[in-house]
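Report on one structure; see the data block that follows.
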Amino acid sequence: MTSEQQREPVRFDGQRLNIEDVLALAQRQRRAELSPEPAFRARIAAGAELIERLLRDEGVVYGVTTGYGDSCTVNVPPALVAELPHHLYTYHGCGMGRFLTPEETRAVLAARLQSLSQGHSGVSVELLQQLQLLLLHDVLPLIPAEGSVGASGDLTPLSYVAAVLCGEREVWFKDERRAAAEVFAELGITPLRLRPKEGLAIMNGTAVMTALASLAFDRASYLAQLATRLTACNVLVADGNPAHFDETLFAVKPHAGQQRVAASLRADLAGAPAGASHRLQDRYSLRCAPHVIGVLEDALPFLRAQIENELNSANDNPIIDVASGRVLHGGHFYGGHIAFAMDSLKQLVANIADLLDRQLALIVDARYNHGLPANLSGATGERAPINHGLKALQISVSAWTAEALKLTMPASVFSRSTECHNQDKVSMGTIAARDCLRVLELVEQVAAAMLIAARQGLELRRRVNPTLALNERLAAFEADLADRVALVVEDRALDADLHVLLEAIRAQAWELSA
Ligand SMILES: N[C@@H](Cc1ccc(O)cc1)C(=O)O
């Protein structure tokens with residue numbers, strides 16, 4: 001049995017889900033289960049019935065009996081109502097750019113299913129079942145990443161989900177790019193015919209940005225811990241001063257996340273030598289590491305709350321209130337919270353790259369590294385002159401850091417008035433989330449390089465100070481790194497090592513929390 005089958009399914013029943021639930025579905029560690037509870041199913045069905053009833057009574061419902069967006073002044077005659085949702089996804093088929101990855105796509109499906117399961121979108125149970133089927137069979141719509149302003153929902157990328165539910169456009173299935181219709185036929189899945197409100201319900205929300213934000217949150221959380229561990233290594237490599245992380249010192253600055261980073265550094269550095277006497281205070285990239293990483297740590301609970309509230313919201317328009325029998329017209333497709341969360345998160349993680357880049361600058365430079373060879377070269381004697389150690393690696397780290405910092409420009413301030421000034425203020429949350437993922441990718445590359453440097457630096461420090469003993473926790477980490485990466489003695493291309501370490505970072509290979 002796969003782990004996906006063994007573990008409790010993630011249940012969609014209108015109750016709250018968290019980021020970890022989305023991750024488990026995205027990584028195929030847990031299955032999606034639509035609640036079979038009659039009360040849940042009845043609640044969903046009642047929303048769809050309300051729409052049908054209003055239609056029978058010839059009520060006017062936006063996007064059901066009218067055109068979309070600014071075209072809401074155009075009345076759609078009853079004979080054409082059934083065709084309208086299919087036009088919605090069809091004319092939004094103008095996405096461009098890379099396709100979302102399988103992991104990202106599963107997260108998108110999960111986020112949309114969760115929103116529609118709130119029971120405020122007026123969709124049928126069959127639609128929820130079809131979304132669940134895509135997850136169960138891992139039939140993944142090919143979703144182009146670009147083309148959403150993030151405030152009429154992620155209309156264009158989500159049009160690819162809507163089309164696939166109806167057996168149109170393309171999917172990834174078993175590592176192949178294929179026509180949805182063909183895969184549906186093979187699996188015996190009947191394409192949906194969308195009911196009046198269903199095109200809007202699938203597309204008029206924040207599922208793409210929320211999915212990407214969930215994945216970004218997880219990667220950023222791990223990076224905060226990894227940067228803390230790397231800092232501990234670099235304090236030893238640089239013969240720095242562990243007393244900068246003293247408990248009493250941090251007790252007077254009551255930021256909980258910052259205090260956690262300091263505590264983790266104390267645990268990693270317990271038993272470490274007092275540090276060189278040549279400097280009473282280390283440079284900021286070491287001394288203030290808890291003050292930099294701590295900002296990210298302290299922001300995470302706030303960011304989690306924004307992402308999870310969005311995930312558990314009816315991010316749609318109009319909203320169907322079955323209890324009062326009303327259709328409520330509003331703007332819940334607006335992704336302002338995710339936009340802010342992602343614009344903030346990318347700044348926080350880019351700052352981590354900058355911190356690590358500065359630490360590397362200290363430890364590769366013989367003027368600052370307190371007795372280690374230039375470029376942390378492991379070559380000695382007559383071989384030393386032609387070997388350049390980590391020189392180019394540091395240059396690459398500078399490049400990745402610069403690129404990450406350059407991408408921190410907030411997306412949310414670039415609102416454009418669009419769609420005949422109906423969408424005259426938009427969130428750009430999806431662009432913010434994509435930027436954030438790109439920044440994370442770069443920062444992970446920086447962290448991979450720093451792992452090579454830490455492994456190299458610790459060994460070279462031991463050459464200078466043979467009595468240097470790491471505590472159990474750090475010794476185990478160093479031994480693990482030494483297994484993954486050979487000491488650089490003679491110059492070698494380091495790209496293969498970087499790839500191995502990058503994969504380990506993405507797999508969160510080390511248990512790091514204090
Ligand atoms: N998000 C818009 C609907 C919309 C849908 C499709 C569009 O092409 C434009 C606008 C609203 O609910 O008001």
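When a ligand or atom number is given, it counts from 1 through the structure's own listing order. Note that these values count all heavy atoms, side chains included, but never hydrogens, waters or copies made by symmetry. Note that the numbering runs from 1 along the sequence shown for the chain.
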Inset, instruction - Answer with yes or no whether Met203 contacts ligand 1, where contact means a heavy atom under 4.0 Å from a ligand atom. - result: no
Inset, instruction - Return yes when atom NZ of Lys406 has more than 12 non-hydrogen atoms of other residues, nucleotides or ligands closer than 6.0 Å, and no otherwise. - result: no
Inset, instruction - Please say whether more than 12 non-hydrogen atoms of neighbouring residues, nucleotides or ligands are located less than 6.0 Å from OH in Tyr62. - result: yes
Inset, instruction - Under 4.0 Å from a heavy atom of Leu88: give me the atoms of ligand 1 that qualify, with their elements. - result: 6 (C)
Inset, instruction - Could you list the atoms of ligand 1 found under 4.0 angstrom from a heavy atom of Asn317? - result: 11 (C), 12 (O), 13 (O)
Legend entry - Between OG1 on residue Thr190 and CG on residue Leu133, distance to nearest 0.5 Å: 9.5 Å
Inset, instruction - Ignoring hydrogens, just give me the one of Tyr91, Tyr89, Phe333 whose non-hydrogen atom is nearest atom 6 (C) of ligand 1. - result: Tyr91
Inset, instruction - Just jot down the ligand 1 atoms closer than 4.0 angstrom to any heavy atom of Gln423, in number order. - result: 9 (C), 10 (C)
Inset, instruction - Go through ligand 1 atom by atom and flag the ones less than 4.0 Å from a non-hydrogen atom of Glu419. - result: 9 (C), 10 (C)
Inset, instruction - Identify the residue among Gln118, His332, Arg112 that makes a side-chain hydrogen bond (donor to acceptor under 3.5 Å, both in side chains) with Asn315. - result: Arg112
Inset, instruction - Could you check atom 1 (N) of ligand 1 against the protein and tell me its nearest heavy-atom contact, residue, atom and distance included? - result: Ser152 OG, 2.2 Å
Legend entry - atom 13 (O) of ligand 1: the protein heavy-atom neighbour that sits closest, reported with distance to 0.1 Å: Tyr62 OH, 3.5 Å
Inset, instruction - Decide whether an N or O pair under 3.5 Å exists between Asn204 and ligand 1. - result: yes
Inset, instruction - Would you kindly specify which portion of Leu155 sits under 4.0 Å from ligand 1, judged on non-hydrogen atoms: side chain, backbone, both or neither? - result: side chain
Inset, instruction - Please say whether more than 12 non-hydrogen atoms of neighbouring residues, nucleotides or ligands are located less than 6.0 Å from OH in Tyr284. - result: no
Inset, instruction - Output the list of atoms in ligand 1 that are nearer than 4.0 Å to some heavy atom of His92, sorted by atom number. - result: 6 (C), 7 (C), 8 (O)
Legend entry - Heavy atoms from other residues, nucleotides or ligands near CZ of Arg438 exceed 12 (cutoff 6.0 Å): yes
Legend entry - Atom pair NZ (Lys346) and CG (Asn351), whose distance is rounded to the nearest 0.5 Å: 13.5 Å
Legend entry - Derivation and outcome, salt bridge (charged side-chain N to carboxylate O under 4.0 Å, His left out), residues Arg30 and Asp21: CA-CA 8 Å; Arg30 293 170 69 192; Asp21 295 321; 3.0 Å; yes
